[in-house]
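Have a look at the structure below, then the notes.
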Amino acid sequence: MTAAGHANVPPGEVDLHMHSTASDGSLPPAAVVNAARVAGLAAIALTDHDTLAGLEEAERTADALGIRVVRGVELSAHDGAREIHLLALHIQRPALLEAQLTQFRSDRDLRAQRIVDKLQRLGMKVEMDAVYEEAQGGAIGRPHVARAMIKGGHVRDSKEAFERFLGAGRPGFIAKTRLEIADAIQLAHSAGALAIWAHPGPECRRERLEPLVRKGLDGVEIRHPSHLTEDVKRIGALADFFGLVPSGGSDWHGAGEGPRALGSMHIPPAWLNAQDVLVARKSAAEVA
Ligand code: AMP
Ligand code: ZN
Ligand code: FE
Ligand code: FE
(Lines give C-alpha, C1' and ligand atoms only; values in the text may rest on other atoms or scores of the structure.)
(Ligands and ions follow the chains in the order given, each with its own letter.)
Protein backbone atom coordinates (compact mmCIF):
# COMPACT_ATOMS: atom_id res chain seq x y z
CA MET A 1 0.00 0.00 0.00
CA THR A 2 1.20 3.53 -0.74
CA ALA A 3 1.08 6.36 1.79
CA ALA A 4 -2.03 7.59 0.00
CA GLY A 5 -3.76 4.37 0.99
CA HIS A 6 -4.21 2.69 -2.33
CA ALA A 7 -2.79 -0.37 -4.03
CA ASN A 8 -1.38 -0.34 -7.56
CA VAL A 9 -3.56 -2.74 -9.49
CA PRO A 10 -3.21 -4.52 -12.86
CA PRO A 11 -5.27 -3.03 -15.71
CA GLY A 12 -9.00 -3.68 -15.64
CA GLU A 13 -9.45 -4.41 -11.95
CA VAL A 14 -12.33 -2.79 -10.06
CA ASP A 15 -13.31 -1.98 -6.46
CA LEU A 16 -17.01 -2.09 -5.64
CA HIS A 17 -17.25 -0.86 -2.03
CA MET A 18 -16.02 2.48 -0.65
CA HIS A 19 -17.06 5.61 1.23
CA SER A 20 -16.57 9.36 0.86
CA THR A 21 -17.29 12.44 2.97
CA ALA A 22 -20.92 12.08 1.84
CA SER A 23 -21.00 9.61 4.74
CA ASP A 24 -18.11 8.54 6.99
CA GLY A 25 -15.20 8.48 4.55
CA SER A 26 -12.40 11.04 4.94
CA LEU A 27 -12.09 12.16 1.30
CA PRO A 28 -14.58 14.03 -0.90
CA PRO A 29 -16.06 12.02 -3.79
CA ALA A 30 -13.80 13.67 -6.40
CA ALA A 31 -10.72 12.79 -4.37
CA VAL A 32 -11.91 9.19 -4.00
CA VAL A 33 -12.25 8.91 -7.78
CA ASN A 34 -8.83 10.50 -8.21
CA ALA A 35 -7.29 7.97 -5.85
CA ALA A 36 -9.00 5.20 -7.84
CA ARG A 37 -7.46 6.49 -11.04
CA VAL A 38 -4.00 6.70 -9.47
CA ALA A 39 -4.41 3.12 -8.22
CA GLY A 40 -5.18 2.09 -11.81
CA LEU A 41 -8.78 0.94 -11.21
CA ALA A 42 -11.05 0.73 -14.25
CA ALA A 43 -14.26 1.11 -12.24
CA ILE A 44 -15.42 1.77 -8.70
CA ALA A 45 -18.71 1.68 -6.86
CA LEU A 46 -19.27 4.53 -4.41
CA THR A 47 -21.37 3.04 -1.62
CA ASP A 48 -21.85 5.67 1.07
CA HIS A 49 -24.06 4.86 4.06
CA ASP A 50 -27.67 6.00 3.56
CA THR A 51 -26.91 8.71 1.00
CA LEU A 52 -26.54 9.26 -2.73
CA ALA A 53 -25.13 12.76 -2.22
CA GLY A 54 -21.63 11.87 -3.41
CA LEU A 55 -22.60 10.24 -6.68
CA GLU A 56 -22.94 13.28 -8.92
CA GLU A 57 -19.51 14.66 -8.04
CA ALA A 58 -17.98 11.19 -8.39
CA GLU A 59 -19.56 10.67 -11.80
CA ARG A 60 -18.45 14.07 -13.05
CA THR A 61 -14.86 13.42 -12.00
CA ALA A 62 -14.91 9.88 -13.33
CA ASP A 63 -16.14 11.07 -16.74
CA ALA A 64 -13.20 13.45 -16.94
CA LEU A 65 -10.71 10.76 -15.90
CA GLY A 66 -12.11 7.95 -18.02
CA ILE A 67 -13.08 5.60 -15.24
CA ARG A 68 -16.49 4.19 -14.48
CA VAL A 69 -18.58 4.84 -11.37
CA VAL A 70 -21.25 2.33 -10.36
CA ARG A 71 -23.95 4.04 -8.30
CA GLY A 72 -24.35 2.42 -4.92
CA VAL A 73 -25.48 2.86 -1.35
CA GLU A 74 -24.88 0.79 1.80
CA LEU A 75 -27.99 0.07 3.85
CA SER A 76 -28.14 -1.26 7.41
CA ALA A 77 -30.81 -3.89 7.88
CA HIS A 78 -31.68 -6.64 10.30
CA ASP A 79 -32.20 -10.31 9.67
CA GLY A 80 -33.99 -11.44 12.81
CA ALA A 81 -31.84 -10.15 15.66
CA ARG A 82 -28.74 -9.92 13.53
CA GLU A 83 -27.43 -6.80 11.82
CA ILE A 84 -26.84 -7.20 8.11
CA HIS A 85 -25.47 -4.68 5.62
CA LEU A 86 -26.83 -4.57 2.12
CA LEU A 87 -25.24 -2.87 -0.87
CA ALA A 88 -27.68 -1.59 -3.48
CA LEU A 89 -25.45 -1.55 -6.57
CA HIS A 90 -26.21 -0.23 -10.07
CA ILE A 91 -28.91 2.18 -8.92
CA GLN A 92 -30.94 3.25 -11.93
CA ARG A 93 -33.76 5.24 -10.34
CA PRO A 94 -32.16 7.17 -7.45
CA ALA A 95 -35.25 9.30 -6.88
CA LEU A 96 -37.11 6.24 -5.61
CA LEU A 97 -34.65 5.86 -2.72
CA GLU A 98 -34.56 9.45 -1.54
CA ALA A 99 -37.51 9.49 0.87
CA GLN A 100 -36.30 6.43 2.75
CA LEU A 101 -32.66 7.58 2.81
CA THR A 102 -33.67 11.03 4.08
CA GLN A 103 -35.48 9.31 6.94
CA PHE A 104 -32.41 7.18 7.74
CA ARG A 105 -30.16 10.23 7.78
CA SER A 106 -32.42 12.09 10.15
CA ASP A 107 -32.50 8.99 12.38
CA ARG A 108 -28.69 8.92 12.26
CA ASP A 109 -28.61 12.53 13.43
CA LEU A 110 -30.90 11.79 16.40
CA ARG A 111 -28.92 8.67 17.21
CA ALA A 112 -25.64 10.63 17.27
CA GLN A 113 -27.27 13.09 19.69
CA ARG A 114 -28.35 10.23 21.95
CA ILE A 115 -24.83 8.77 21.81
CA VAL A 116 -23.35 12.15 22.78
CA ASP A 117 -25.88 12.37 25.66
CA LYS A 118 -24.74 8.97 26.89
CA LEU A 119 -21.07 9.93 26.65
CA GLN A 120 -21.76 13.15 28.56
CA ARG A 121 -23.52 11.21 31.29
CA LEU A 122 -20.38 9.07 31.49
CA GLY A 123 -18.52 12.31 32.22
CA MET A 124 -16.99 12.84 28.79
CA LYS A 125 -16.89 16.44 27.60
CA VAL A 126 -17.87 15.89 24.00
CA GLU A 127 -20.35 18.16 22.20
CA MET A 128 -22.71 17.48 19.32
CA ASP A 129 -21.26 20.52 17.51
CA ALA A 130 -17.90 18.74 17.36
CA VAL A 131 -19.61 15.74 15.76
CA TYR A 132 -21.35 17.97 13.19
CA GLU A 133 -17.96 19.55 12.50
CA GLU A 134 -16.55 16.09 11.67
CA ALA A 135 -19.56 15.08 9.55
CA GLN A 136 -19.51 18.30 7.48
CA GLY A 137 -23.09 17.77 6.36
CA GLY A 138 -22.58 14.10 5.44
CA ALA A 139 -24.66 11.18 6.76
CA ILE A 140 -23.56 10.98 10.42
CA GLY A 141 -22.08 7.76 11.75
CA ARG A 142 -20.21 6.54 14.78
CA PRO A 143 -16.84 7.24 13.07
CA HIS A 144 -17.69 10.97 13.27
CA VAL A 145 -18.38 10.64 17.00
CA ALA A 146 -15.10 8.74 17.32
CA ARG A 147 -13.19 11.51 15.53
CA ALA A 148 -14.73 14.15 17.82
CA MET A 149 -13.67 12.02 20.82
CA ILE A 150 -10.11 11.77 19.50
CA LYS A 151 -9.88 15.52 18.86
CA GLY A 152 -11.20 16.16 22.38
CA GLY A 153 -8.40 13.98 23.74
CA HIS A 154 -10.82 11.43 25.24
CA VAL A 155 -9.45 8.43 23.31
CA ARG A 156 -6.29 7.79 21.32
CA ASP A 157 -7.82 6.38 18.15
CA SER A 158 -11.05 5.08 16.64
CA LYS A 159 -10.22 1.54 17.69
CA GLU A 160 -10.23 2.64 21.33
CA ALA A 161 -13.39 4.72 20.79
CA PHE A 162 -15.28 1.69 19.48
CA GLU A 163 -13.83 -0.83 21.91
CA ARG A 164 -14.50 1.27 25.00
CA PHE A 165 -17.61 3.25 24.07
CA LEU A 166 -19.24 3.00 20.66
CA GLY A 167 -19.27 -0.69 19.74
CA ALA A 168 -22.33 -2.91 20.28
CA GLY A 169 -22.80 -3.60 23.98
CA ARG A 170 -20.49 -0.76 25.05
CA PRO A 171 -21.80 2.09 27.25
CA GLY A 172 -22.09 4.64 24.42
CA PHE A 173 -23.86 2.33 21.99
CA ILE A 174 -27.21 3.13 20.44
CA ALA A 175 -28.65 0.91 17.69
CA LYS A 176 -29.56 2.38 14.30
CA THR A 177 -32.99 2.36 12.74
CA ARG A 178 -32.86 -0.50 10.29
CA LEU A 179 -35.12 -2.09 7.73
CA GLU A 180 -36.06 -5.73 7.84
CA ILE A 181 -33.80 -7.40 5.27
CA ALA A 182 -36.67 -8.32 2.91
CA ASP A 183 -37.69 -4.64 2.83
CA ALA A 184 -34.11 -3.53 2.21
CA ILE A 185 -33.88 -5.94 -0.73
CA GLN A 186 -37.19 -4.60 -2.06
CA LEU A 187 -35.96 -1.03 -1.68
CA ALA A 188 -32.85 -1.83 -3.75
CA HIS A 189 -34.98 -3.52 -6.40
CA SER A 190 -37.41 -0.59 -6.55
CA ALA A 191 -34.49 1.56 -7.73
CA GLY A 192 -33.44 -1.02 -10.32
CA ALA A 193 -30.37 -1.93 -8.23
CA LEU A 194 -28.90 -5.30 -7.37
CA ALA A 195 -29.16 -6.34 -3.70
CA ILE A 196 -25.76 -7.56 -2.52
CA TRP A 197 -25.01 -8.89 0.97
CA ALA A 198 -22.07 -6.78 2.17
CA HIS A 199 -19.18 -8.43 4.08
CA PRO A 200 -21.24 -11.53 5.03
CA GLY A 201 -18.23 -13.08 6.76
CA PRO A 202 -18.31 -16.26 8.85
CA GLU A 203 -22.14 -16.09 9.15
CA CYS A 204 -22.50 -16.78 5.44
CA ARG A 205 -23.59 -20.44 5.46
CA ARG A 206 -26.05 -22.29 3.29
CA GLU A 207 -28.86 -22.22 5.92
CA ARG A 208 -28.50 -18.47 6.40
CA LEU A 209 -28.20 -17.66 2.71
CA GLU A 210 -31.10 -19.75 1.43
CA PRO A 211 -33.90 -17.63 2.97
CA LEU A 212 -32.18 -14.47 1.73
CA VAL A 213 -32.05 -15.86 -1.81
CA ARG A 214 -35.78 -16.56 -1.53
CA LYS A 215 -36.26 -12.91 -0.52
CA GLY A 216 -34.56 -11.83 -3.74
CA LEU A 217 -30.89 -11.40 -2.83
CA ASP A 218 -28.91 -11.01 -6.07
CA GLY A 219 -25.32 -11.33 -4.92
CA VAL A 220 -22.74 -11.52 -2.15
CA GLU A 221 -19.47 -9.83 -1.40
CA ILE A 222 -16.90 -12.58 -1.66
CA ARG A 223 -13.80 -10.46 -1.17
CA HIS A 224 -13.74 -7.95 1.69
CA PRO A 225 -10.94 -6.98 4.08
CA SER A 226 -12.76 -8.68 6.98
CA HIS A 227 -12.90 -12.05 5.17
CA LEU A 228 -10.45 -14.82 5.95
CA THR A 229 -9.22 -17.12 3.18
CA GLU A 230 -11.70 -19.77 4.31
CA ASP A 231 -14.58 -17.25 4.11
CA VAL A 232 -13.62 -16.29 0.56
CA LYS A 233 -13.56 -19.95 -0.52
CA ARG A 234 -16.83 -20.87 1.19
CA ILE A 235 -18.74 -17.76 0.07
CA GLY A 236 -17.46 -18.19 -3.49
CA ALA A 237 -18.73 -21.76 -3.56
CA LEU A 238 -22.10 -20.70 -2.11
CA ALA A 239 -22.43 -17.92 -4.72
CA ASP A 240 -21.91 -20.55 -7.43
CA PHE A 241 -24.37 -22.92 -5.78
CA PHE A 242 -27.16 -20.33 -5.51
CA GLY A 243 -26.37 -18.55 -8.80
CA LEU A 244 -25.56 -15.28 -7.02
CA VAL A 245 -23.41 -12.63 -8.69
CA PRO A 246 -20.00 -12.11 -7.09
CA SER A 247 -18.95 -8.75 -5.70
CA GLY A 248 -16.26 -7.30 -3.50
CA GLY A 249 -14.29 -4.27 -2.56
CA SER A 250 -12.01 -2.63 -0.05
CA ASP A 251 -14.68 -0.77 1.98
CA TRP A 252 -12.18 2.09 1.79
CA HIS A 253 -12.81 5.11 4.03
CA GLY A 254 -9.75 7.10 2.89
CA ALA A 255 -6.04 7.02 3.60
CA GLY A 256 -5.28 6.55 7.27
CA GLU A 257 -8.78 5.23 8.04
CA GLY A 258 -7.95 1.66 8.93
CA PRO A 259 -5.73 -0.97 7.35
CA ARG A 260 -7.57 -1.35 4.05
CA ALA A 261 -6.14 -0.02 0.79
CA LEU A 262 -8.20 1.07 -2.19
CA GLY A 263 -8.00 -1.67 -4.84
CA SER A 264 -6.53 -4.17 -2.39
CA MET A 265 -9.26 -6.77 -2.93
CA HIS A 266 -8.25 -7.19 -6.62
CA ILE A 267 -11.76 -7.61 -7.99
CA PRO A 268 -11.62 -8.93 -11.57
CA PRO A 269 -13.57 -7.13 -14.32
CA ALA A 270 -15.49 -10.38 -14.94
CA TRP A 271 -17.36 -9.87 -11.64
CA LEU A 272 -18.58 -6.44 -12.68
CA ASN A 273 -19.45 -7.87 -16.08
CA ALA A 274 -21.59 -10.57 -14.45
CA GLN A 275 -23.41 -7.82 -12.52
CA ASP A 276 -23.98 -5.80 -15.72
CA VAL A 277 -25.44 -8.89 -17.42
CA LEU A 278 -27.83 -9.46 -14.50
CA VAL A 279 -28.90 -5.80 -14.40
CA ALA A 280 -29.62 -5.91 -18.14
CA ARG A 281 -31.55 -9.17 -17.81
CA LYS A 282 -33.66 -7.85 -14.93
CA SER A 283 -34.37 -4.55 -16.74
CA ALA A 284 -35.50 -6.44 -19.82
CA ALA A 285 -37.79 -8.58 -17.65
CA GLU A 286 -39.27 -5.43 -16.05
CA VAL A 287 -40.16 -3.99 -19.47
CA ALA A 288 -41.63 -7.28 -20.74
P1 AMP B 1 -22.57 3.38 11.93
O2 AMP B 1 -22.97 3.46 10.48
O3 AMP B 1 -22.77 4.66 12.64
O4 AMP B 1 -23.16 2.21 12.64
O5 AMP B 1 -20.99 3.15 11.93
C6 AMP B 1 -20.49 2.04 11.24
C7 AMP B 1 -19.11 2.36 10.72
O8 AMP B 1 -18.23 2.47 11.82
C9 AMP B 1 -18.54 1.27 9.84
O10 AMP B 1 -18.83 1.49 8.49
C11 AMP B 1 -17.06 1.39 10.08
O12 AMP B 1 -16.53 2.37 9.21
C13 AMP B 1 -16.96 1.95 11.48
N14 AMP B 1 -16.64 0.93 12.50
C15 AMP B 1 -17.43 -0.07 12.94
N16 AMP B 1 -16.81 -0.79 13.91
C17 AMP B 1 -15.59 -0.20 14.08
C18 AMP B 1 -14.47 -0.47 14.92
N19 AMP B 1 -14.49 -1.48 15.81
N20 AMP B 1 -13.39 0.33 14.83
C21 AMP B 1 -13.36 1.35 13.94
N22 AMP B 1 -14.37 1.65 13.12
C23 AMP B 1 -15.47 0.89 13.18
ZN1 ZN C 1 -18.48 3.41 6.76
FE1 FE D 1 -20.80 -2.30 6.29
FE1 FE E 1 -18.93 0.05 4.04
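Atoms within each ligand, like the ligands themselves, are counted from 1 in listed order.
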Going by distance only, is there an N or O of R111 that falls short of 3.5 Å from an N or O of ligand 1?
-> yes
Taking the non-hydrogen atoms of P143, is any one of them nearer than 4.0 angstrom to ligand 1?
-> yes
The protein heavy atom nearest to atom 1 (P) of ligand 1 is K176 NZ, 3.4 Å
Strictly under 2.8 Å, is any N, O or S atom of D24 next to the Zn ion (ligand 2)?
-> yes
Sub-4.0 Å heavy-atom approach of R108 to ligand 1 | yes
Output yes if H49 passes the N/O/S-under-2.8 Å test against the Fe ion (ligand 3); output no otherwise.
-> no
Among the N/O/S atoms of H85, the Fe ion (ligand 3) lies closest to ND1
Closest by any non-hydrogen atom to atom 20 (N) of ligand 1: pick that one out of F173, F162, F104.
-> F162
What does the angle at the Fe ion (ligand 3) come to, between atom NE2 of H199 and atom OE2 of E74, rounded to 10°?
-> 110°
Does H19 put an N, O or S atom under 2.8 Å from the Zn ion (ligand 2)?
-> no
Applying ring-ring contact (aromatic ring centres under 6.0 Å, His included) between H17 and each of H85, H224, H49, report the one that passes.
-> H224
Note the single closest protein heavy atom to atom 6 (C) of ligand 1, along with its residue, its atom name and the distance in Å.
-> R142 NH2, 3.7 Å
